[in-house]
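Proteins get letters first, then strands, A, B, ... in listed order; numbering begins at 1 in each.
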Amino acid sequence: MHDAGTANPSWNRAASWRRILLLTLVFLPTLAAARTMAGLLPSRGGTALEILLVAVFAVLFAWISVGFWTASMGFVLLLFKNNRFSVSRAGEGMDLTIAGTDARTAVLIPIYNEDVRRVTAGLRTVWTSLGKTGSSGLFDFFLLSDTTDPDIWVEEEEAWHRFCREENASGRVFYRRRSSNSRRKSGNVADFCRRWGKNYRYMIVFDADSVMAGTTMVRMVQSMEARPDIGILQTPPAGVNRETLIARAQQFANHVYGPMFAAGLHFWQLGDAQYWGHNAIIRTEPFMKHCQVPRLPGKGPLGGDILSHDFVEAALMRRAGYGVWLAYDIGGSWEETPPTLLDELKRDRRWCQGNLQHMRLIFTRGLFPTHRALFLNGILSYGSALLWLAFLLLSSAQAVADVFFEPVYFSGTKTLFPQWPVWHPHWALTLLGSTAVLLFLPKLFSMVLILVKDPQARAFGGRANLASGILLEVGLSTLLAPVRMIFHSLFVTATLLGKSVGWGTQSRDDRGTSWGEAVAAHWWGTLFGAAWGGLVYLANPSFFPWISPIVASLLLSAPLSVFTSRASLGKAFRNAGLLLIPEEVELPDELAGLEENLRRPEPYTPFPLSRKQGFVRAVVDPLVHALHTSLLLRYKKKAPARENALEELVEKAAVKGPGSLTRREKMELLKDPRHLGELHRRVWEAESRDGAAQWGLVLPPSESGE
Amino acid sequence: MTSIPETGMSTPAGSPDEWRYSRDRVLLYVRALDLPPFRGLDLAVESLKAAGPASVSEAMRKLRELLAENGLDRGILDEEGRHISSMPSLNRGVMVAEPLDRVPWKSALGRFLRRWRRNLFGPWETNGHA
């Protein structure tokens, strides 16, 4: 299983001590907090309900403690800047030349029904940036399409062809579309590996919205060359380019707290880090040999394809003896965050299922304990929401029970004095205070780190703006936390009950959420909050203030969803200098290039067809038609029944126009060059003017009118 | 555009509207092909002349024949005159999933029981067909 000869690498001892420290720091305070919590309850944790309450509280406290201590470790690491384990040290003092001429790298951009304009703009940006390093000759790019939309398929082909012509990139930038998108993104990458993986020592995996600086990519290759024990090197991508309020708050949090948390993760994970699926470089050979993710047996959401394959691939790479490292101090790696709360929740639904699937892998033989812990961590990312909800509901149940059931003053054993229920408000305040410290002190740490680096905090618009931004972000995330809690609880419950998710495209533009969409998504949460709050208020009004922030957030969830999705609101904050990120204060060349590339004009076409009408253009536009049919594999004659069906499809399309075809029928025609050619001929030879017009065969009015 | 009578050409027979319609369709195709301007126009004129006072379909058929004769219907070719390909040549490798022992205590128990049975009864003898 091990083939790198580094089963017990030099960093292992340090990692073990660091993990023991982390566990101690988490478990001892958790025990103390759980005891305090039990002491606060009327029966001192003596009833089944109270035991459950304390157990749930303890898990939640431990969970937030892990975050706190990770942040604290990151704080110390970044403050003293003396890290002998930093991977980026391997490339220190080197120029941007990659010594090994056989160290070829494939840059993989897996796409699935994405906005082609954005993908091409990102590709052009990275291509240009890499070109400036002088080492671009060692990199090839692959657009790996799993697209199922006929219009987008054609658009992708055109975009690739245009790019190659304009940038003289033929033979360096490739496009491949899979006819079957089995195993989704991991299958897409595996398909690349099987076809061309042997040609490349490394592959850098992108997401459709990833952007990386050429220097960063070269540095990553240099680090991999210098450290043959590394299997995967992950960069921490920074969120950029969003305008909606919620996304700007996420970007801000990502920039202010992200570096500290990444450093903290590095501190205790070292070579057992996670792979996040993109913005990372992978050693291709061991990846092909050891990291194919198997299908989980059984049906339902916990079986089949593993949705969060990246964590598993990291665990398998580590099991093979290679390190997985987080290059927390490498910049020039960006991604885009979901623009709205609903988009974020849609993504979380998928991630939730993927992480819960890891329950079935925790005990897999040969995995390293840290990766088992990381699986657990991922499960708790969503499971904690359900636990938090359970804790709140149990607390509410306890409060209601206190009203309806008399306290037991004399227990079964004979005592002289009654056992009075005692309430220790200072204990409660201490517990509340320590929880608040765990949650909010890292924010202060981050601010200190920024101010130590630059006392004026210019990258965040100044000290006052930085402080206000943190307060705003804390306020907004506090408001949204209960909404996320009930959605995540629903996702966990639905997954455990056997409800699966589809594979949706992530929205990558700043479109807002309409009131209709918000009400449709949040009505049940609002009702739930109203019923919960109403019941507690009627039964035990003195307990109501404790849950009122949660109830208020749930009642306001629809308006919150709408207002936080507004780009206008995000821009207003930006104009006021709030929630600013360094990339907005000083735009890096790559992001400036991306903006410019997004503004590139569309190529000339004599047809009144938009670029999004890919299928129609593949039928009508002779050049697009020729390109599409050239890229298809050789035509094979099909079974007579199939041929007849396709001929009928051509007839239907020619007579009734493109609107009469379903998406599946369009795909059928696009896959068959002979019948597509026949349709092309029929459309151009159509005598009926209306028939031709429905395919866009009209000259612009100024030219055709005589 | 005006309806100035053409000189040096025979007046086309058939409905002028049909002619205009055929001409526009042929010109549109030629424009979309992005041929050098005079080359495209020459082909359009030639196809319209050859089709005569006929329908759009006939004019288009003639144009396509002319394109084929001139080698302009061969799809998109690369610099070496080969059919364009968006992918490099295949260099096949293997990537298969290693079996995962997700419940190691179960397989450990199985191994233990097999070893125990071997110790007690000796290796399992299979009476094969040999």
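- Residues Ala686(A) and Val56(B) come closest through the heavy atom pair O-CG1, 4.0 Å.
- Note: Ile84(B) leads Ile84(B), Val94(B), Val103(B) in heavy-atom pairs under 4.5 Å with chain A.
- Looking at heavy atoms from C-beta onward, Leu28(B) lies in side-chain contact with Pro606(A) at the 4.5 angstrom threshold.
- For Val683(A), the part lying under 4.5 angstrom from a heavy atom of chain B is the backbone only.
- Here the CZ-NZ distance, from Arg92(B) to Lys198(A), works out to 10.5 Å after rounding to the nearest 0.5 Å.
- Residues Leu697(A) and Arg25(B) meet the side-chain proximity criterion, which asks for heavy atoms closer than 4.5 Å.
- At a 4.5 Å heavy-atom cutoff, Arg177(A) makes no contact with chain B through either its backbone or its side chain.
- At least one side-chain heavy atom of Pro88(B) sits under 4.5 Å from a side-chain heavy atom of Phe174(A).
- Summarising the geometry, atom OG1 belonging to Thr629(A) is positioned 8.0 Å from atom CD1 belonging to Ile76(B); distances are rounded to the nearest 0.5 Å.
- Using a 4.5 Å heavy-atom threshold, the side chains of Phe142(A) and Met87(B) count as separate.
- A salt bridge between Glu98(B) and Arg319(A) is present, with a side-chain N of the basic residue lying under 4.0 Å from a carboxylate O of the acidic one.
- The shortest side-chain heavy-atom distance between Leu90(B) and Trp196(A) falls under the 4.5 Å cut-off.
- Heavy atoms of Leu316(A) lying under 4.5 Å from chain B belong exclusively to its side chain.
- Contact annotation: the side chain of Ser55(B) never approaches that of Glu685(A) to less than 4.5 Å [non-hydrogen atoms, C-beta and beyond].
- At a 4.5 Å heavy-atom cutoff, the contact between Arg64(B) and chain A is made by side-chain atoms alone.
- For Asp621(A), the part lying near chain B is the side chain, with the backbone staying farther off; criterion is any non-hydrogen pair under 4.5 Å.
- Thr364(A) contributes no side-chain N or O that, together with a main-chain N or O of Leu100(B), makes up a donor-acceptor pair within less than 3.5 Å.
- Looking at Arg365(A), its side chain never comes within 3.5 Å of a backbone N or O of Trp105(B) through a donor-acceptor pair.
- Listed options Tyr175(A), Trp160(A), Tyr604(A), Trp684(A) were ranked by heavy-atom pairs under 4.5 angstrom with chain B; first place goes to Trp684(A).
- Within the 4.5 angstrom heavy-atom criterion, no atom of His625(A) approaches chain B.
- For chain B, no part of Ile362(A) is nearby; none of its heavy atoms comes within less than 4.5 Å.
- Atom-to-atom distance recorded for Thr284(A):OG1 and Met95(B):CE is 10.0 Å, nearest 0.5 angstrom.
- Environment of CD in Gln694(A): crowded, with over 12 heavy atoms of neighbouring residues, nucleotides or ligands closer than 6.0 Å.
- With no hydrogens or angles considered, a side-chain donor-acceptor pair links Ser57(B) and Glu687(A) at under 3.5 Å.
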side-chain contact (heavy atoms from CB on, under 4.5 Å) between Arg102(B) and Phe363(A), worked out: CA-CA 6 Å; Arg102(B) 291 182 299 106; Phe363(A) 299 106; over 6 Å; no
